[in-house]
Amino acid sequence: MADDSKPLNFIQQTINSDLEAGVVDKVVTRFPPEPNGYLHIGHAKSICLNFGLAQQYGGDCHLRFDDTNPEKEEDEYVQAIIEDVQWLGFQWSGDIRYASDYFGQLYEWAQYLIREGKAYVCELNAEQMREYRGTLTEPGKNSPFRDRPVEESLILLESMKNGDVDEGLMTLRAKIDMASPNVSLRDPVMYRVKKVPHHRTGDAWNIYPAYDFAHGQEDAIEGVSHSVCTLEFASNRPLYDWFIENLPVPATPHQYEFGRLNLNYSVTSKRKLKQLVDEGHVDGWNDPRMPTISGLRRRGVPAVAIRNFCDSLAVAKTDGMVDMSQLEHFIRDELNTNAPRAMTVMRPLKVVMTNLPEDHLEQLQAPMHPNLDMGNRTLPFTREIYIDQNDFKEEYSKKLNKKLSPGKRVRLRNGYVIEAIDFVKNDSGEVVQVNASLVPDTLGTDPADGVKPKGVVHWVSAQHCVDCDVYLYDRLFSDPLPDAGDKNFLDAINPDSLQILTGCKTEVGLTDAEAGQPYQFEREGYFCKDSKNSSAERLVFNQTIALRSTWVEA
RNA sequence: UGGGGUGUGGCCAAGCGGUUAAGGCAGCGGCUUUUGAUGCCGCCACUCGGAGGUUCGAAUCCUCCCACCCCAGCCA
């Protein structure tokens with residue numbers, strides 16, 4: 001039974017009544033991606049739904065590749081999809097399935113339909129077929145080949161299959177109703193000739209089944225009880241049912257449609273994502289700005305954050321636009337509770353503690369996390385340190401009273417209170433060094449003179465730190481609806497979505513950070529070592545997401 | 001204009017004829033804080049696309065209207 005702490009969605013309600021009525025005795029779902037691109041956040045919702053349903057009801061969820069169109073499908077994509085599903089934390093029941101496993105069975109069923117007088121080989125070309133189909137408001141008209149003899153169709157189908165027919169010359173069509181108000185019932189194409197090698201079946205076939213002729217039968221073969229798909233397939237449902245009713249299939253699965261996930265400031269269309277990759281607007285399918293599962297992973301988003309986000313979304317028939325901030329909430333929520341803390345200075349400014357000896361070296365202890373159970377780390381503290389340029393102001397102002405400025409104090413995070421004395425500028429007028437004095441006896445306690453610092457600043461020892469590059473990301477699109485209406489989504493690309501900071505200084509302890517392991521760089525945000533650009537010589541961190549900030553300096 | 005689907009606060013969304021219309025995100029106040037983070041407290045729809053109707057009583061039932069989404073690939 002499903003978890004009853006949350007209201008049941010309409011699919012769970014259906015499952016419950018199917019179970020009660022005995023129509024179904026085991027829940028079987030499936031996630032059926034076409035291997036023609038990488039999975040994105042929209043797929044994550046479907047994955048969480050389908051695998052989640054199976055878990056809740058003690059059933060099975062199959063991973064099935066819908067590989068019925070060899071022109072667009074590649075093995076690279078199936079490998080990537082397998083990796084993404086597993087990374088998200090799901091395991092399918094039994095072997096991985098492929099629509100192509102059923103090509104033989106599908107072909108026999110096509111012959112069956114022909115013999116039943118319910119399918120025929122049509123020789124209309126694409127343009128003619130469009131004309132015969134009619135329009136949304138006018139009925140179509142029958143193909144001149146509609147009543148051709150069964151034997152003839154059988155023979156023609158065989159030659160299509162054997163490669164004796166050129167592409168575009170013939171199709172196999174279901175004989176349903178050319179006057180149906182539902183256009184997808186106007187003698188839909190079941191098989192088309194494609195003399196294209198398939199990533200699994202090679203050149204064994206010259207014809208490939210169309211989605212509508214394949215999907216429901218695949219479900220029936222696998223014993224899928226609840227075939228969940230997105231809303232745009234709703235008008236295909238009568239056709240799904242028609243094949244199930246008219247074929248000697250081993251089961252009668254049913255299709256249910258829910259609203260797909262749309263996220264603002266992003267696009268979730270494999271076609272458009274592929275275009276971003278192919279045209280080089282991003283660094284591949286796993287560019288950290290991409291809403292792909294692999295992009296989110298490379299960016300440092302934990303799988304559990306994605307799952308929690310998906311679980312928070314309603315499964316309903318409304319197709320809404322979810323705020324990016326909603327996803328961000330779950331990312332921060334997870335990272336805040338689990339990411340170890342560290343200090344990284346992104347725009348280093350040297351601070352010299354003039355009242356400390358040159359060789360001062362002190363090992364400070366700092367907690368890994370506000371949750372003290374996560375242990376401690378050691379921070380070397382020396383006479384020279386780096387703080388962020390942003391945390392020093394030449395002149396004090398009340399609005400910026402948490403910054404360090406001459407005569408003012410600040411606490412070094414996990415360390416002492418310091419007070420700035422003066423500063424040094426270079427020829428360009430930039431502050432390049434701050435001289436300060438350490439206020440004694442302020443480790444873990446406020447200054448004895450009662451002058452308590454307002455701000456806390458992160459820092460790193462100038463002698464004991466490591467250089468790194470930090471990649472800061474902003475949304476890929478500056479338009480909340482980059483592909484609405486007739487807009488060209490490429491025009492909405494945010495030119496400042498990637499900012500690379502070099503010469504940043506981080507704790508030595510992060511030298512051997514594991515790629516993907518999240519850290520909170522205190523007062524900045526969450527980061528992880530990049531799996532692609534990091535090397536033995538170069539340490540690169542991706543910003544997963546900034547800390548929430550309700551404060552605006554300007 | 002044919003068919004299918006949906007309309008509850010800025011966003012997501014519960015609600016399935018009967019207390020003052022859940023909750024989350026965002027936002028706004030305040031408290032705590034060695035992260036301007038986190039946490040905590042408070043505020044945020046006299047109203048449920050609109051208009052009628054049924055009823056003692058409707059966001060929930062009926063009627064009409066309006067808006068938006070999907071369908072005319074030999075894509076999925």
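Predicted model, so just to flag it, every value in this text is computed and none were measured. Proteins get letters first, then strands, A, B, ... in listed order; numbering begins at 1 in each.
If you check every strand for non-hydrogen atoms under 4.0 Å, A:Glu257 touches nothing. Across all strands shown, A:Gly140 has no heavy atoms under 4.0 Å from either base or sugar-phosphate atoms. In this structure, A:Arg411 reaches the bases: a heavy-atom distance under 4.0 Å links it to at least one base atom across the strands shown. Nucleic acid contact class of A:Gly455 (heavy atoms, under 4.0 Å, all strands): none.
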Which nucleotides of RNA chain B pair, in dot-bracket form (Watson-Crick or G-U under 3.5 Å, | meaning another strand) = .(((((((.[[[..)..(....]]].(((((.......))))).....[[[[[..)....]]]]])))))).....

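One finds no side-chain N or O of A:Arg332 lying less than 4.0 angstrom from the OP1 or OP2 phosphate oxygen of B:U38. Contact annotation: A:Arg341 side-chain N/O to B:U35 OP1/OP2 distance is not under 4.0 Å.
The side chain to side chain donor-acceptor pair (under 3.5 Å) search around A:Glu158 returns A:Tyr107, not counting sequence neighbours. A:Asp319 pairs by the salt bridge (Lys or Arg N to Asp or Glu O under 4.0 Å) definition with nothing, not counting sequence neighbours. In this structure, the side chain to side chain contact (heavy atoms under 4.5 Å, CB included) partners of A:Tyr386, at least two apart in sequence or on a different chain, are A:Val345, A:Pro348, A:Lys350, A:Val460, A:Ala462, A:Cys465, A:Lys505. The side chain to side chain contact (heavy atoms under 4.5 Å, CB included) check on A:Arg548 picks up A:Arg332, A:Thr550, with sequence neighbours excluded. Legend: residues meeting ring-ring contact (aromatic ring centres under 6.0 Å, His included) with A:His458, ordered by chain and number and at least two apart, are absent. Under the side chain to side chain donor-acceptor pair (under 3.5 Å) criterion, A:Asp219 pairs with A:Arg64, A:Ser227, A:Tyr240, sequence neighbours left out.
Checking A:Asn9 against A:Gln12 by side-chain atom types alone, a donor-acceptor pair falls below 3.5 Å. Using a 3.5 Å distance cut-off with no hydrogens or angles, the side chains of A:Gln365 and A:Thr378 do pair a donor with an acceptor. A side-chain donor from one of A:Tyr416 and A:Glu362 sits under 3.5 Å from a side-chain acceptor of the other. Side-chain polar atoms of A:Asn338 and A:Glu334 form a donor-acceptor pair below 3.5 angstrom. Between the side chains of A:Ser100 and A:Asp67, at least one donor N or O sits under 3.5 Å from an acceptor N or O.
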Which protein N or O atoms sit under 3.5 Å from an N or O of nucleotides 66-68 of chain B?
none

Atom pairs, N/O to N/O, protein against nucleotides 16-19 of chain B, distance under 3.5 Å?
residue	atom	partner	partner atom	Å
B:C16	N4	A:Gln13	NE2	3.2

With the criterion being N/O to N/O and under 3.5 Å, what pairs connect the protein with nucleotides 21-25 of chain B, and how long is each?
residue	atom	partner	partner atom	Å
B:G24	N2	A:Gln326	OE1	3.0
B:C25	O2'	A:Ser325	OG	3.1

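Sorted by first and then second residue, the salt bridge (Lys or Arg N to Asp or Glu O under 4.0 Å) pairs with a member in residues 176-187 of chain A read A:Arg146-A:Asp187; sequence neighbours excluded.
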Assign a letter to each nucleotide of nucleotides 70-76 of chain B from its 5' end: B, base within under 4.0 Å of a protein heavy atom; S, sugar-phosphate only; -, no contact.
-> SBBSBSB

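Nucleotide B:A37 holds its P atom 13 Å from the CD atom of A:Glu522, rounded to whole Å.
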